[in-house]
Amino acid sequence: MVTNLHRTFRPARIALAAGLALGGLQIACADMGDHGRGADRRHGGGGQELPQASGPAYKKGVVAVANPYAAEAGAQILERGGNAVDAAVAIAYALNVVEPQSAGIGGGGFMLIHLAQHRRTFVIDTREKAPAGATPDMFVNVPNASLQGVAVGVPGMVRGTALAVRKYGKLELDDVLAPATQLADQGFAATARYAAVSCNSRSQNSPESAAFFCPGGAAPVQGSLVQNKPLAQTFRLIARHGPDCFYKYMPQKGCDIAKGIVEGQKFNRPQAPNGKGGSMTYADLENYQAVERAPVEGSYRGYPIKAAMPPSSGGLTILQMLKMLERFPIGDASQGYGFGSVKTINVMADAMRLAFADRSIWMGDSDFVPVPSKGLLDPSYVGLRGAAIVPGTRIDPNPVPGDPRPYEIAGLQPGKRLAVAEPVTGPGETTTHFVVADKWGNLVSYTNTIESSHGIGVFAGYTREDGSFRNHGFLLNNELTDFNTTPSINPYTGGPGFNDVQPGKRPRSSMVPTMIFTPDGEPLIAYGSPGGATIINSVFNVTLNLIDHKMSLQEAINAPRVSITSAGSSIARDNGIAPAAPLAQATVDGLTALGYTVGAPADIGSVQAVLVDPKNGRQYGAADARREGTVIGLKR
Ligand code: GLU
């Protein structure tokens, strides 16, 4: 549902009074003079027609966020003179308040930043790390591992966002945290989505989280006031003392958050036998470092693309898929392709299967394992792999991983192939993606997560000597179940699986904040999605929609998506968002005839995006009504 909301800051009471039902919203204080796809055709290098957006255009900044309150927090920071980095950090903290099931300071993510002045694009990697005591077999025989303390990785968001603000922001950290602190303190009106996902089995994993997310044993009513005073207090501590107050136990300063994390992750699910707490120590927390990394780079039909690098599998996988499809005229309906045709989905499906086969063994934390990033994207290697795609047929049997190493380093021979365990994670209510553009032309595309819905369902906190619970108000992640949960063997090297647990290692991610540049190298579109491994495919679908199917930004987001996250043949799909039509039954039948299984429709991802017109600097936002996507643009 798409709703409009008044632009100025809405403390809880206003929204409560309005009894809001929030859906995908577009809040405009915009230059309205640029409507319609045909209004302003833009061209890139070589006379190519660039992807475009319809709707209101902005110049002073725009945010596209999966929640209206967090969008407002970002807009406020832009209005106060903050840049895109400041606003992105404000949004990330605000999302901890209003979308606590998805992301927050108990977790981590990838923040893709483009600095206009320096024409520099890089990622701040805030991915969680395994503690020093982690072992490859630590999940073996642990029931419900994703709800146990052993799944908690050392959180990265606080360190990485503080670094971002200090090095690249214009405001101070305490200014940037102010809107989120206010939201947590004064509260907000439970949105439809908040109410729908708050009281689930995961959120009730511990007594304190059950009491908060299922007040009185039931889901909070939409529109009811949600306050998180403990979280406001935690934010104030971080604002006052900086990130060390999160990562170091300093009781003399009142900094006891580290104690809440270390004690919280000892949770061993006492309600069932054989639970297992985590091994995280104060030293693990103190040692956590966020890392600035160069993104993975490639191109599709002449458009440079930059996306999250390892430990995320996202950038490598999506660039492989795109490259495999470049030889097909995906946009050309006269040749049987075009959006939603059997032929298009057939080649998309097999590209996904091939790339996900490679992903299953070659991608992990490149600080620990030799991810063959160059080989995986080498044109000869991708060409060879992609040659298996033959329109009108389905690759059968299922593709196995290839060996990109000869394209990376000559002379290595494959070893014996063995089965590789894949951890079971899937799309749920978790993770969040948002984008910010500012008036200086800086862009931030940020995907952030605590992994499954509500992480391990346990707040950071500890029991005081008097028996009361000191609650820090944020949920602990279960990111470590993104590792292979059983030790595996890399079939080519014969050594441990690239995504097996190791102390200090980051689990492989699928998060893929992405930017498309014009053929001339100007930043054009920033986007991304939540959805576990389907993240990669949501970004893949949207990329084809923009570049091949010539959809506007919002159309590209609304269109129904297809996804395969393994070498298998089961296609997941969604119905898209009206006015986009669902896939035709004839397409489903055609794919079934080729041997694919096509599942019942269920939402895939939640893409937020911003497009900047390189010709005139106009900024356009687009958000996903699959969740509560919201765009706010600043007045001219
Ligand atoms: N933890 C997942 C990843 O890093 C994201 C989870 C989700 O999007 O649901 O890939």
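Hydrogens, waters and symmetry mates play no part in the numbers below; they use all other heavy atoms, side chains included. Note that ligands are numbered from 1 as they come in the structure, with each ligand's atoms numbered from 1 the same way. Count residues from 1 along the sequence.
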For [X], take its heavy atoms, then give the atoms of ligand 1 lying under 4.0 Å from any of them.
| X | result |
| --- | --- |
| I535 | 8 (O) |
| T431 | 5 (C), 6 (C), 7 (C), 8 (O), 9 (O) |
| D482 | 1 (N), 2 (C), 3 (C), 4 (O), 10 (O) |
| G532 | 6 (C), 7 (C), 8 (O), 9 (O) |

Of all residues at least two apart in sequence or in a different chain, which pass the salt bridge (charged side-chain N to carboxylate O under 4.0 Å, His left out) check with K323?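 Partners of K323 under the salt bridge (charged side-chain N to carboxylate O under 4.0 Å, His left out) test: E326.
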
R202: salt bridge (charged side-chain N to carboxylate O under 4.0 Å, His left out) partners, not counting sequence neighbours: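 Scan of R202 (salt bridge (charged side-chain N to carboxylate O under 4.0 Å, His left out), adjacent residues dropped) gives none.
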
When you measure from the centre of the six-membered ring of F110, is the NZ or CZ of R127 under 6.0 Å away and within 45° of the axis?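 Checked: cation-pi criterion not met.
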
Would you say T447 and H433 are linked by a side-chain donor-acceptor pair, where the criterion is simply a distance under 3.5 Å?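 Yes - a donor-acceptor pair under 3.5 Å links their side chains.
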
Please confirm whether R127 comes under 4.0 Å of ligand 1, counting heavy atoms of the residue only.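 In this structure, R127 qualifies as a contact of ligand 1 - some heavy atom is under 4.0 Å.
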
Does K167 come within less than 4.0 Å of E292, counting only side-chain N to carboxylate O?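 Answer for the salt bridge query: yes.
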
Pick from H433, M511, E451, E128: the one approaching atom 2 (C) of ligand 1 most closely through a non-hydrogen atom: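 Closest candidate by heavy-atom distance is E451.
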
